[in-house]
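Computation of the quantities below employed the complete heavy-atom set of this structure, encompassing side-chain atoms and omitting hydrogens, waters and symmetry-equivalent molecules. Order of the sequence lines fixes the chain letters, A, B, ..., with proteins taken first and strands second; residue numbering starts at 1 for each chain.
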Amino acid sequence: SGRIHMGHVRNYAMGDVVARYKRAKGFNVLHPMGWDAFGLPAENAAMERKVHPKEWTYANIAAMRAQLQSMGLSLDWSRELATCDPDYYKQQQRLFLDFLAAGLVDRKTAKVNWDPVDQTVLANEQVVDGLGWRSGAPVEQRELTQWFFKVSTYAPQLLAALDRLDRWPDKVRLMQRNWIGRSEGLAIRFALDRATAPEGVGEIEIYTTRADTLFGAKFLAVSPDHPLATRLAKSDPALMAFIDECHRMGTAEGTIERAEKKGYDTGIRALHPFDDGWTLPVFVANFVLMDYGTGAIFGCPAHDQRDLDFVHSVGLDATPVVCPPGIDPASFVIGDTAFLDDGIIINSRFLDGMTVPQAKEDVARRLEAQMRDGRPVSVRKVNFRLRDWGISRQRYWGCPIPVIHCGECGIVPVPLCELPVRLPDDVTFDRPGNPLDRHPTWKHVPCPKCGKPARRETDTMDTFVDSSWYFVRFTDPWSDEPTSQAAAKWMPVDQYIGGIEHAILHLLYSRFFMRAMRKTGHIAIEEPFSGLFTQGMVVHETYRAKDGSWLSPAEVAITSEGGIRRAVHARTREPLSIGSIEKMSKSKRNTVDPDDIIETYGADTIRLFMLSDSPPERDVIWNEEGVQGAARFVQRLWRLVGDTKSIMGNGGPSPNGEELVYSPAALAIRKAAHRALAQVEIDIEHLRFNVCIAHIRELANTLQDAMSELDEGAARAPDVVAALSEAMRILIAVTAPMAPHLAEECWQALGAPDLVARAAWPQVERSLLTDATVTLPVQVNGKKRADITVPREADGAAIEAAVLSLDAVKRAMEGRALRKFILVPGRIVNVVI
RNA sequence: GCGGGCGUGGCGGAACUGGUAGACGCGCGGGACUCAAAAUCCCGUUCCCCCUAAAGGAGUGUCGGUUCGAUUCCGACCGCCCGCACCA
């Protein structure tokens, strides 16, 4: 919605921790925060407020910047960039024109769902029961010419490169793989019986991955949008009605529940490619998609569930042509379930006895060799599900598409010197439709080529275009070109953090964009994000009053009586029901405002809670008790710093450069600190922030205990003072990435120079990570019975003797003989009897 | 329907490549301080048996397998979650 919500805070906090850590480790870090915080024109918010979306967005960039800073998500090493900024759009328009020149842009006409009241194109999910999502009016089908990026030409590369994205979650890679949807098959031209076919239509080309089942064919079917169907409908009102019905069903019920399979018999007969005397009926069928394959199929009901469902409604039967292993072909019949697995080919003349792959190959070879009209009847074809990306939007918000339509010259790019094409400021939103299109003057311009009156393109780009390359622009937002040498230096992004909801669209579009920018010479990389992490959502309980209205957590008081949690209205004490835990949303009103929490607890507390409560990839349940726990830790750390100071006395340690001899107590403090430091490094590298904070708390506990055990005299011993001072600095340094404000205060209180944010990361002393002795758990037959502490270098025989003389071991052995003695050095001992 | 993932205390969760299950926190119980409360600190907190402790038994969804040893590996089942969905 434009304002920062808890989901953003979690996202940015994670990135900020990694950035601060890497920076302390000596890396140059560019940590741009997501585009959505920087003013993706927020259509809904602007619509609700009846304000100019652009104005609203700019006002909010300033507010968001202040919010970010209040949370310690400082911008000192980020670059500021608004993706709706005219300069950003200028560069984006340049990219568009370069893509256009390179043949990566397409203009296609297709049927769209059109809301006649809102005067706008609807996405499939915006159509409910055949009605427009906002207007509630019946949706119309309309032909519209729109702009597309040719993503599908990169489908093979986008698929193949997924294997190399080894720092991406498998889940996202799999989702993209399915989305791209590669399949290998045959395109087969079926000749039509001339007596039944319309004039000039000699064949239908279908696509199949199951050429092995060709002898099980019972019919051909084409999509309602297939050219043949359109042509036949012109002279057949009944077919026309059927096609209209399919369109309505397709938009309405298709998305809600699986529609019944229906077909219209065209009367045309198609000839089987292996037998001229065998003809098949041709249907127009509602379940055949125009935008996959050739928009036409052959139907084999025995081995395809859809085809089987379909033939029931038109009275055809199913002949099995693949027999499952171990079944007698003579008795194998198809009931309500199609047989989809592998088997042996039957009822298929020359294919009989082959396996499925053998039969596919045989059919492909025979049909490739069979010629008609100088072309093979069939060609092997790899098909992709991935479609081109329609970027046209008939809306005000978004980057204008920089072309001009001229009656004489056709489509003419806007000259580079005239970029950016700016959006007009004087638009109105009081009427439906595209404000750019009905603006009185904006679109009327002379043709740049011939000077005659022409028309500006009034479509704007999908805002996903804005987010497809913002991370590249961040590397040098002031460059006069879309990119500069800085992009080569910084790209690809080492670590990208975002929600799983971007698994397909945003992440795939960005991958396409890098390839397109590479082809047009703007960048030298193919993949935008070498490391990807998908973080969980921030969720919260929901509260409902008797009348069904939702209440926000701020209006609710939680009481706990006898261990049962109850919710009441904070003011009226009206009892409320506690509902399910859901993603924070405005509609359920279960949001918590980050500003309120900052006001009460401070920014570091939010950050600590967000990072510590759950593993980052899982949802985090926002609960007040947990936040209070984080707040307690903030207080405890601050007190610990105060205690350290009083024990160390004024002025702190003064080792005089002599080699200190550490007493066991001092050594224990140092060991605890360096162990925690080593752990924190591993945890941050693996983005396991919850475990990281556990290790920090453990160290704080240890130091607190150590201090309370020391008496005044011992505490003043120089070795203890030095150890404590070192340990405290380590503690604060490792806390700094998570809780930067607190850490700076503590750093200063400890008398350290400069800022912890500018300090180098402490160095782990490896020698402190191992002990001279090691405590091994002792198992008897796999059950733990005792512990034994032995020198690290002790030999096996000595350990065995020591273990067998333990009372607990003797008791557990009950006088039985030792069968085997297992020693895993440094790990465990197991006595087998 | 197809594909993927996950099941650990009252709760969020931890456990390196098979090696002490329950780190750290929340909650809860008890105590200290206080006239009192808040805050803070200390102790306890998987379950069973037991006045308590020691000792013991059970235990990572269920059942089985591999192993000296399984939350971890394998098989079957049960439950929950997510993604895609007429893709020929």
In whole Å, what is the span from the CZ atom of Arg173(A) to the P atom of G4(B)?
14 Å
Considering only heavy atoms from C-beta outward, does the side chain of Arg607(A) approach that of Met738(A) to under 4.5 Å?
no
I need the full list of salt bridge (charged side-chain N to carboxylate O under 4.0 Å, His left out) pairs touching residues 630-643 of chain A, with sequence neighbours left out, sorted by first then second residue.
none
Interatomic distance at C1', U40(B) relative to C33(B), whole Å:
9 Å
Between Arg189(A) and Glu205(A), does at least one N-O distance fall below 4.0 Å, as a salt bridge requires?
no
Those residues at least two apart in sequence (or on a different chain) that pass side-chain contact (heavy atoms from CB on, under 4.5 Å) with Ala668(A) are none
Could you go through residues 773-790 of chain A and list every donor-acceptor pair under 3.5 Å that involves a side-chain atom there, pairing it with any protein atom two or more places apart or in another chain?
from: Thr775(A); atom 1: OG1; to: Thr789(A); atom 2: OG1; distance (Å): 3.0
from: Asn781(A); atom 1: OD1; to: Ile833(A); atom 2: N; distance (Å): 3.1

Whole angstrom is fine here: how far is it from CD1 in Ile206(A) over to P in A88(B)?
12 Å
Distance check, P atoms only: C6(B) and C73(B), in whole angstrom units.
9 Å
Where protein sits on nucleotides 67-75 of chain B, one letter per nucleotide: B base, S sugar-phosphate only, - none, heavy atoms under 4.0 Å:
-BS------
By side-chain contact (heavy atoms from CB on, under 4.5 Å) - contacts of Arg177(A) (at least two apart)
Leu159(A), Leu162(A), Asp163(A), Arg173(A), Leu174(A)
Give Gly629(A) one of three labels, base, sugar-phosphate or nothing, depending on what nucleic acid heavy atoms sit under 4.0 Å from its own.
sugar-phosphate
Check: Phe219(A) ring centre within less than 6.0 Å of Phe298(A) ring centre
no
Looking for any heavy atom pair under 4.0 Å, which part of the strands does Val620(A) touch: base, sugar-phosphate only, or nothing?
nothing
Do Tyr292(A) and Ser223(A) have a side chain donor and acceptor closer than 3.5 Å?
no
Considering only nitrogen or oxygen atoms on both sides, find all protein atoms under 3.5 Å from nucleotides 46-50 of chain B and state each distance.
none

Are Asp771(A) and Arg792(A) ion-paired here, with the side-chain N under 4.0 Å from a carboxylate O?
no
Pairs in or reaching into residues 689-702 of chain A: which pass salt bridge (charged side-chain N to carboxylate O under 4.0 Å, His left out), with residues at least two apart or in two chains?
none
Using heavy-atom distances to pick each residue's nearest nucleotide on RNA chain B, tell me which of Trp179(A) and Thr209(A) is more 5'.
Trp179(A)
Check whether the ring centres of Phe609(A) and Trp622(A) lie less than 6.0 Å apart, and answer yes or no.
yes
Across the strands shown, which category fits Ser612(A) at heavy-atom distances under 4.0 angstrom: base, sugar-phosphate, nothing?
nothing
What is the glycosidic conformation of G9(B): syn, defined as within 90° of 0, or anti?
syn
Short question: side chain of His226(A), backbone of Leu228(A) - any donor-acceptor pair under 3.5 Å?
yes
Would you call Lys360(A) and Glu184(A) a salt bridge, using N to O less than 4.0 angstrom?
no
I need a per-nucleotide contact map over nucleotides 52-63 of chain B, read 5' to 3'. Cutoff is protein heavy atoms under 4.0 Å; write B for the base, S for backbone only, - otherwise.
----SSS-----
Need one value for Arg819(A): base, sugar-phosphate or nothing, where a base atom within 4.0 Å counts as base even if backbone is also close, heavy atoms only.
nothing
C82(B) C1' sits how many Å from Gln176(A) CD, rounded?
17 Å
If we take the C1' atom in both G4(B) and A85(B), what is their distance in whole Å?
14 Å
Below 6.0 angstrom between ring centroids: does that apply to Trp389(A) and Tyr509(A)?
yes
Contact residues, residues 210-218 of chain A to RNA chain B [heavy atom, < 4.0 Å]:
Arg210(A)
Just the rounded figure in Å: distance from P of A88(B) to CG of Asp291(A).
13 Å
Identify whether any heavy atom of Asn701(A) sits under 4.0 Å from a base atom; if not, whether one sits that close to sugar-phosphate; answer base, sugar-phosphate or nothing.
sugar-phosphate
Ile500(A) has an atom CD1; how far is it from atom P of C6(B), in whole Å?
14 Å
For Ile180(A) and Ala155(A) the tightest heavy-atom approach is CG2-O, 3.9 Å
Is the shortest side-chain N/O distance from Tyr292(A) to OP1 or OP2 of A88(B) below 4.0 Å?
yes
Whole angstroms only, please: what is the CZ-P distance between Arg632(A) and C41(B)?
8 Å
What pairs of nitrogen or oxygen atoms, one from the protein and one from nucleotides 14-16 of chain B, lie under 3.5 Å apart?
from: A15(B); atom 1: OP1; to: Arg688(A); atom 2: NH1; distance (Å): 3.2
from: C16(B); atom 1: N3; to: Arg827(A); atom 2: NH1; distance (Å): 3.4
from: C16(B); atom 1: N3; to: Arg827(A); atom 2: NH2; distance (Å): 2.4
from: C16(B); atom 1: N4; to: Arg827(A); atom 2: NE; distance (Å): 3.4
from: C16(B); atom 1: N4; to: Arg827(A); atom 2: NH1; distance (Å): 2.9
from: C16(B); atom 1: N4; to: Arg827(A); atom 2: NH2; distance (Å): 3.1

Taking atom P in both G9(B) and A76(B), what distance in whole Å separates the two?
25 Å
Scanning both residues in full, the closest heavy-atom pair of Asp336(A) with Gln305(A) reads O-NE2, 2.9 Å
For Ser152(A) and Pro156(A) the tightest heavy-atom approach is O-CD, 4.3 Å
Distance, C1' atom - from A55(B) to C49(B), rounded to whole angstrom
11 Å
Locate the shortest heavy-atom distance separating Cys246(A) from Asn286(A); write the atom from each residue and the value.
SG-CB, 3.5 Å
Which nucleotide, G3(B), U20(B), C41(B), lies nearest any side-chain atom of Asn178(A)?
G3(B)
Taking CG from Asn623(A) and C1' from G25(B), how many angstroms apart are they, rounded to a whole number?
11 Å
Nearest-angstrom distance from the residue atom CG of Leu508(A) to P of G83(B):
18 Å
Distance, P atom - from A32(B) to A23(B), rounded to whole angstrom
27 Å
A21(B) to G69(B) separation - C1' atoms, rounded to the nearest Å:
14 Å
Using Watson-Crick and G-U wobble pairs with both distances under 3.5 Å, what is the 5'-to-3' dot-bracket string of RNA chain B, with [ ] for crossing pairs and | for pairs outside the strand?
(((((((..(((......[....)))((((((.......))))))(((.......)))..(((((..]....))))))))))))....
Within 45° of the axis and under 6.0 Å from the centre of the six-membered ring of Phe310(A), does NZ or CZ of Lys261(A) qualify?
no
Qualifying side-chain hydrogen bond (donor to acceptor under 3.5 Å, both in side chains) pairs, either residue in residues 377-387 of chain A, two or more places apart:
Asp291(A)-Arg387(A), Glu361(A)-Arg380(A), Glu368(A)-Arg380(A)
I'd like to check Asn690(A) versus Pro616(A) (side-chain heavy atoms, cut-off strictly below 4.5 Å). Are they in contact?
yes
By nearest-heavy-atom nucleotide on RNA chain B, the more 5' of Gln628(A) and Phe384(A) is Gln628(A)
Using the C1' atom as the point on both nucleotides, what is the distance between U20(B) and U46(B), in whole Å?
16 Å
